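To start, the structure under review is shown below, and the notes come after it.
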Amino acid sequence: QVSLAESGGGLVQPGGSLKLSCVASGRIFALNNLGWYRQAPGKERELVAAVTRRGETNYADSVKGRFTVSGGTAARTVILEMNALKPEDTAVYYCHANLRTVFTAPLTDYWGQGTQVTISS
């Protein structure tokens with residue numbers, strides 16, 4: 001079993017900051033990448049930011065310069081620091097991991113349960 005334990009989220013005013021954390025645990029042979037996705041009502045789930053096993057980071061264009069992803073696959077932790085938050089950042093944020101449970105297993109996606117982030121005055 002693989003578990004992605006998320007923490008953080010909540011309600012903040014526009015321009016404010018929040019931090020999301022996720023720790024991966026369980027039967028993990030190798031982590032390919034760790035990151036955060038989000039899904040707003042009526043919209044598709046989209047990548048927010050991720051870090052690969054090589055330490056490379058990827059960001060959605062809409063969050064570049066405002067959000068910072070840190071942690072890494074070696075630490076099995078990914079942290080998303082969100083600054084200058086906007087109402088359009090409101091969504092359920094999901095931790096995501098792409099990993100192998102054993103050497104011979106295929107790369108598989110796992111998801112956290114999601115945490116609500118609401119930006120409102």
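No experiment lies behind these values; they were computed from the predicted model shown.
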Margin query: Has Ser121 got a side-chain atom pairing as donor or acceptor with Gln13's backbone, closer than 3.5 angstrom?
Written below: no
Item checked: Donor-acceptor contact present, side-chain Thr90 to main-chain Ile119, <3.5 Å -> yes
Next item on the list: To the nearest 0.5 Å, tell me how far Leu80 CG sits from Thr68 OG1.
Entry: 8.0 Å
Next item on the list: Nearest 0.5 Å please: distance from the CD atom of Glu6 over to the OH atom of Tyr93.
Entry: 12.5 Å
Notebook entry, point to check: Can you name the nearest heavy-atom pair linking Ser120 to Pro14, along with the distance?
Noted result: C-CD, 3.6 Å
Notebook entry, point to check: Would you say the side-chain atoms of Gln116 and Thr118 include a donor-acceptor pair closer than 3.5 Å?
Noted result: yes
Next item on the list: Please test Val92 against Thr115 for side-chain contact (heavy atoms from CB on, under 4.5 Å), starting from the C-alpha separation and ending with a verdict.
Entry: CA-CA 5 Å; Val92 178; Thr115 184; 6.0 Å; no
Checklist line | Cluster link Val63 to Tyr37, ILVMFWY, side chain under 4.5 Å | finding: no
Next item on the list: To the nearest 0.5 angstrom, please state how far the OH atom of Tyr110 sits from the CG atom of Leu34.
Entry: 13.0 Å
Check: Around Glu88, counting heavy atoms of other residues, nucleotides and ligands shown, do more than 12 lie under 6.0 Å from its CD?
Finding: yes
Note to self: Is any side-chain heavy atom of Asn33 closer than 4.5 Å to one of Glu56?
What the structure shows: no
Item checked: Side-chain heavy atoms of Asn58 within contact of Thr52, under 4.5 Å -> yes
Checklist line | Test of ring centre spacing under 6.0 Å for Trp36 and Phe67 | finding: no
Note to self: Check this for me, if you would: do Asp61 and Lys64 make a salt bridge, where the nitrogen-to-carboxylate-oxygen distance has to be below 4.0 angstrom?
What the structure shows: yes
Margin query: Please verify the inter-ring angle class for Trp111 with His96; under 30° counts as parallel, over 60° as perpendicular, anything in between as tilted.
Written below: tilted
Compile the donor-acceptor pairs under 3.5 Å between side chains in residues 16-26 and protein atoms, sequence neighbours left out, one pair per line.
| residue | atom | partner | partner atom | Å |
| --- | --- | --- | --- | --- |
| Ser17 | OG | Asn83 | OD1 | 2.8 |

Checklist line | Minimum heavy-atom distance between Arg53 and Thr73, given as atom pair plus value | finding: CA-OG1, 3.4 Å
Notebook entry, point to check: Can you list the steps and then say if Thr101 with Thr108 is a side-chain contact (heavy atoms from CB on, under 4.5 Å)?
Noted result: CA-CA 8 Å; Thr101 54; Thr108 303; over 6 Å; no
Next item on the list: Could you state whether Tyr59 and Val78 fall into the same hydrophobic cluster, counting links through intermediate Ile, Leu, Val, Met, Phe, Trp or Tyr residues with side-chain heavy atoms under 4.5 angstrom apart?
Entry: yes
Next item on the list: Please round to the nearest 0.5 Å and tell me the distance separating atom CG of Asn98 and atom CG of Asp109.
Entry: 5.0 Å
Checklist line | Nearest heavy atoms of Arg27 and Val102, plus distance in Å | finding: NH2-CG1, 3.4 Å
Notebook entry, point to check: Aromatic rings Phe103 and Phe29: how do their planes relate, parallel, tilted or perpendicular, breaks at 30° and 60°?
Noted result: perpendicular
Next item on the list: First locate atom CD1 of Ile79, then atom SG of Cys95, and finally report the distance between them rounded to the nearest 0.5 Å.
Entry: 11.0 Å
Item checked: Gap separating the CG atom of Leu99 from the CZ atom of Arg76, nearest 0.5 angstrom -> 9.0 Å
Notebook entry, point to check: Any idea which heavy atoms bring Thr57 and Val69 closest together, and the distance?
Noted result: CG2-CG1, 3.7 Å
Next item on the list: Would you please name every residue forming a side-chain hydrogen bond (donor to acceptor under 3.5 Å, both in side chains) with Glu46, sequence neighbours left out?
Entry: Arg38
